[in-house]
Amino acid sequence: MENNFDTIVATATPIACSAVGIIRISGNRAYDIISTIFSHKIKPKMINYGYIIDNGNKIDEVIVLPFVAPHSYTGEDVIEIQTHGSPAVINTIIELILSKGARMAQRGEFTKRAFLNHRIDLSQAEAVIDIINSKSQKSAQNALSNLEGYLKNKILNLKNNLIELYSKIIASIDFPEDVAEVDTKTIVSICNDKILEINKILDNTKSHDFIRDGFNVCLIGKPNVGKSSLFNTLLNYSRAIVTPIEGTTRDTIKETINLNGYLINFVDTAGIRDKNVADLVEKIGIDNSIEAIKTSNIVLFLFENSINEIDENLLKCAEGKEKIFIQTKYDINKLNISNNAIQISSITGYGIEILKEKIFEIIKSFIPDDMGYTTNKRQQACLINAKLALENVINTSNFTDEPDLYAMDLKSSILALGEITGEVFTDTILDDIFSNFCIGK
Ligand SMILES: Nc1nc2c(ncn2[C@@H]2O[C@H](COP(=O)(O)OP(=O)(O)OP(=O)(O)O)[C@@H](O)[C@H]2O)c(=O)[nH]1
Ligand SMILES: [Mg+2]
């Protein structure tokens, strides 16, 4: 272990009444501190049962798990204390540990230490926060594969090829007699290959955003067609007001569900009819509905019996969007519809499963089969910078074949990739990343 940080403490579980509370201590004084407050002699790498004691008074019956550096989450000596989950008990034990010389950990400081102690790279540290924040199985799975090094290995591969090329160019500049110059064609061809690889990752970023933030699916149609009823049926509870009065829904309502491991943000909208007959509130509602259509990935277009001129105008707003046509109130409107509409009834549940399958089918078409990882905005920005630098190399090759001119941009590209994995970092980058963590992680 290279770094010698002070000893930190925090709860790893929320301070709330619960079955168990976990307190973590990390740093080179972790063992000394636990030895002064635990009822028994600590056996490293064993499950230790006993009491936390302060001045001879028992504070709680606990289990202590001692990890020995470097085989711990942070790469340092780590003590985990499992207490009863009482906020009073947890706070008292933390106060006691602080009085023995530890200090409160900052947000994400345990994971930051894991990074600074080379236990994980920066993309893996970011995967930890992604797992904690993930709201769907799919985003948790992808974050887990990043934690296991999927993105890291992709980036390292890219970077190593560029480092090899950069080293050859530098060697040929420094030792022109001994090392042959790398010809421009080879340089351009390698840069082109790497740009393609980066593009492949960037092409998927839209899908990465979908997986992290969910797919927006909005329900549109004339007033009274049954949008809010379907919205409630899809959510499985009565979220939106339903009445037989046209124009019941005045504003857009957004709620999220988990469908087969993917997040879906359903948006119920105000029914759209001729603006001339709508009052001021309804007009604003209609504008909001149109806005919701713009930001949606899938549009559920609801109609009752047939599609008229108002519907046609509404459909124009959804041009270019994935659409599912839905004929509503099938229990009372058993008509044959030709345009591939799914017939549903929110009252009887008829057709709802088929509709969900259809939504899922479209979602799957947004996600490439081999996409077992995600990138975040910071990583995407680094990839774009790496790509721009490689494009500069290619542009430069059009008017010169001075190798040192290529070398500068190649180095920028390597550094940009290094920012993803954290070989290159600044305090600001680390602060930005770890301030998103919770205390105790
Ligand atoms: N029989 C039957 N009635 C339905 C069905 N779905 C909705 N309704 C009724 O149709 C009326 C309007 O339903 P809503 O869900 O409020 O319609 P909406 O499209 O949200 O209407 P606005 O908010 O005004 O745009 C209510 O009386 C519902 O009970 C259905 O599947 N079958
Ligand atoms: Mg409604």
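The first residue of the sequence shown is numbered 1, and numbering continues consecutively from there. Order of appearance sets the numbers: ligands from 1, and atoms from 1 within every ligand.
- For ligand 1, the atoms sitting less than 4.0 Å from at least one non-hydrogen atom of S345 are 31 (O), numbered in the order shown with element in parentheses.
- Both tests do not hold together for R119 against Y73: distance to the six-membered ring centre under 6.0 Å, angle to the ring axis within 45°.
- The distance criterion of under 3.5 Å between nitrogen or oxygen atoms is met by S346 with respect to ligand 1.
- A donor-acceptor pair is defined here as one N or O able to donate and one able to accept, closer than 3.5 Å; no such pair exists between the side chain of T83 and the backbone of G85.
- Near G226, the atoms of ligand 1 lying under 4.0 angstrom from a non-hydrogen atom of the residue are 7 (C), 13 (O), 14 (P), 15 (O), 17 (O), 18 (P), 19 (O).
- At a 3.5 angstrom cut-off on N or O pairs, Y330 does not count as close to ligand 1.
- Excluding waters, the protein N/O/S atoms found under 2.8 Å from the Mg ion (ligand 2) are S228 OG, T249 OG1.
- Atom numbering of ligand 1 starts at 1 in the shown order; those under 4.0 Å from a heavy atom of K227 are 15 (O), 17 (O), 18 (P), 19 (O), 20 (O), 21 (O), 22 (P), 25 (O).
- Taking the six-membered ring where the residue is Trp, the centroids of F231 and F266 are separated by 6.0 Å or more.
- Listed by number with element, the atoms of ligand 1 under 4.0 Å from a non-hydrogen atom of D331 are 1 (N), 2 (C), 30 (C), 31 (O), 32 (N).
- Proximity of K377 to D209: side-chain heavy atoms (C-beta onward) are separated by under 4.5 Å at one or more points.
- Remark: E423 engages K159 in a salt bridge (Lys or Arg N to Asp or Glu O under 4.0 Å) (not counting sequence neighbours).
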Derivation and outcome, side chain to side chain donor-acceptor pair (under 3.5 Å), residues Y166 and S413: CA-CA 10 Å; Y166 177 73; S413 185; over 6 Å; no
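- The side-chain heavy atoms of I429 and R378, taken from C-beta on, include a pair separated by under 4.5 Å.
- V242 CG1, 3.8 Å is the protein heavy atom nearest to atom 29 (O) of ligand 1.
- Per-residue contacts place I332 under 4.0 angstrom from the following atoms of ligand 1 (heavy atoms of the residue considered): 1 (N).
- Below 4.0 Å from some heavy atom of T243 lie the following atoms of ligand 1, by number and element: 11 (C), 12 (C), 16 (O), 26 (C), 27 (O).
- Both the backbone and the side chain of I347 come within contact range of ligand 1, each with a heavy atom under 4.0 Å.
- Among residues at least two apart or in separate chains, salt bridge (Lys or Arg N to Asp or Glu O under 4.0 Å) pairs with a member in residues 219-235 are K222-D311.
- Closest to atom 22 (P) of ligand 1, if we only count protein heavy atoms, is N224 N, 3.6 Å.
- Of the listed options P223, A270, G271, G247, G247 places a heavy atom closest to atom 24 (O) of ligand 1.
- Closest protein heavy atom to atom 7 (C) of ligand 1: S229 OG, 3.1 Å.
- Classification of the F425-F115 ring pair by plane angle, with boundaries at 30° and 60°, yields perpendicular.
- Not counting sequence neighbours, D331 has no partner by the salt bridge (Lys or Arg N to Asp or Glu O under 4.0 Å) test.
- Counting protein heavy atoms only, atom 8 (N) of ligand 1 is closest to K329 CE, 3.6 Å.
- For the pair T328 and ligand 1, the shortest N or O to N or O distance does not fall below 3.5 Å.
- When each of I90, N91, I97 is checked for a side-chain contact (heavy atoms from CB on, under 4.5 Å) with I93, only I97 meets the rule.
- Taking CZ of F325 as the start and NZ of K358 as the end, the distance is 11.5 Å to the nearest 0.5 Å.
- Below 4.0 Å from some heavy atom of I245 lie the following atoms of ligand 1, by number and element: 24 (O).
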Residues I201, T375; criterion side chain to side chain contact (heavy atoms under 4.5 Å, CB included); working and verdict: CA-CA 8 Å; I201 304 177; T375 52; 4.0 Å; yes
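- The aromatic rings of Y373 and Y150 sit parallel to each other, their planes meeting at less than 30°, with 60° as the upper class boundary.
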